[in-house]
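Everything quoted here is computed from the prediction, not taken from an experiment. In what follows, chains carry the letters A, B, and so on, assigned in the order in which the sequence lines appear, proteins first and then strands, with residues in each chain numbered from 1.
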Amino acid sequence: MTEVFQFGLVPITCHAWNKDRSRVALSLNNNEVNIYERAGSEWRLQETLQGHDLRVTGIDWAPNTNRIVTCGADRNAYVWTCGVDGKWSPTLVLLRINRAATCVKWSPNENKFAVGSGARLISVCYFEQENNWWVSKHIKKPIRSTITTLDWHPNNILLAAGAADFKVRIFSAWIKDIEPKPTPTPWGAKMPLGQMMTEFSNSTGGGGWVHSVSFSGDGNRVCWVGHDSSLTVADAGKEMAKTQLKTEYLPFTAVTWVSLNSLVAVGHGCCPML
Amino acid sequence: MSATLRPYLSAVRHTLSAAMCLQNFNSQVVERHNKPEVEVRSSKELLMTAVVVSRNEKEKVLIEPSINSIRISISIKQADDIERILCHKFMRFMMMRAENFIILRRKPVEGYDISFLITNFHTEQMFKHKLVDFVIHFMEEIDKEISEMKLAVNARARECAMEYLKRF
């Protein structure tokens with residue numbers, strides 16, 4: 001059952017749903033985030049979050065803790081929490097990046113989030129209680145270009161990152177201070193922070209920028225879509241085997257798993273494909 | 001002659017539709033900047049391979065795509081001196097008013113007669129297929145315009161000469 005609702009004539013840069021899909025936070029190609037609430041068959045503007053100086057490039061809404069994290073082209077990210085009066089207030093995040101942030105994702109347990117940036121690194125941020133802010137740890141090597149997309153593994157430790165240097169890498173984002181040691185997974189056993197578990201190249205020659213990456217529900221498979229109009233699935237259980245499907249459609253920009261064996265991809269062809 | 005025109009324009013149309021898949025990309029070299037990567041050319045991985053679609057040695061189109069912008073340069077058929085002068089003046093006329101065309105570049109790329117620069121901001125405001133239609137339409141019309149102007153110049157020259165020589 002699909003519905004179409006028009007929020008204006010401007011492109012929607014990014015959006016995120018809350019837990020029960022009754023609210024959506026989106027950014028209309030500017031530096032503000034609008035929160036809309038569902039009222040019958042319409043969406044009503046509930047609040048506008050202002051805090052960024054430049055365009056907002058990524059929004060994610062944590063379903064259980066009800067926090068929104070936003071990141072922007074002004075190298076900042078804010079975590080917004082809803083107060084008892086229903087107003088959202090921002091908390092500072094120290095990203096320590098010197099280029100624009102491109103994408104942000106909460107981890108499955110919502111105690112940390114990862115921000116990809118044009119500074120060729122990923123900032124994994126967790127909350128520091130003493131100073132009431134979010135601090136970050138960087139993952140730098142061996143990323144060589146802007147990170148375009150991120151996705152967390154269901155075990156809250158592994159992070160898949162796609163970049164403009166045509167590669168998809170799986171990193172360990174284990175923060176010693178806030179969580180216990182992880183158990184071994186099919187992707188690897190030793191997992192210090194920033195350890196690259198595997199790297200996949202989009203194709204032998206180069207292959208096109210990675211637009212979107214997604215872990216399957218059980219975490220054993222990861223798929224990504226690249227600008228060369230291809231869709232690739234890599235399986236950790238089968239020793240990192242890679243299957244690639246090249247399509248003749250225009251490049252896809254986003255992909256997610258809908259079940260253990262099927263994916264939905266959407267992109268420049270303006271039509272979702274299963 | 002027009003047997004090669006249709007496939008030429010269709011090849012250009014398909015290349016443009018594929019190359020115009022642009023997305024916003026903040027500069028990874030200078031903070032807080034957002035520049036067309038095809039003009040800046042600072043990082044090799046952000047540029048795609050340039051494609052030249054040519055109908056013959058004189059007429060060709062150079063398409064240089066990148067992650068957030070695309071540069072299209074057209075080389076127009078100029079068979080003799082009159083067409084060369086007319087083409088040069090006509091292109092100069094349009095390029096001086098590049099602001100009104102929005103996607104036109106003020107200076108053509110080396111070796112070509114006219115260039116367009118389309119960025120992700122343009123594709124966000126205008127339909128992609130309409131932009132492609134505009135460029136193809138432009139290429140078709142230019143040749144017709146220049147031929148018409150050449151005929152007009154020749155007709156006027158003939159009239160002037162006849163009037164002048166009536167006295168003798």
Would you please name every residue forming a side chain to side chain donor-acceptor pair (under 3.5 Å) with R106(B), sequence neighbours left out?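 Side chain to side chain donor-acceptor pair (under 3.5 Å) list for R106(B), sorted by chain: E99(B).
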Once side chain to side chain donor-acceptor pair (under 3.5 Å) is applied, do any residues pair with R96(A), and if so which ones, sequence neighbours excluded?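 Partners of R96(A) by the side chain to side chain donor-acceptor pair (under 3.5 Å) criterion come out as none, since no residue qualifies.
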Ordered numerically, the heavy-atom neighbours of chain A under 4.5 Å found in residues 26-52 of chain B are N26(B), S27(B), Q28(B), V29(B), V30(B), E31(B), R32(B), E45(B), L46(B), L47(B), M48(B)
Which residues in residues 134-156 of chain B have a heavy atom less than 4.5 Å from any heavy atom of chain A?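 Hits under 4.5 Å: none found.
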Pick one of side chain, backbone, both or neither for [X], based on which atoms fall under 4.5 Å of a heavy atom in chain B.
X	result
T57(A)	side chain
R144(A)	backbone
A119(A)	neither

Closest heavy-atom pair and its distance - F25(B), T146(A):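 Looks like CZ-OG1, 3.2 Å.
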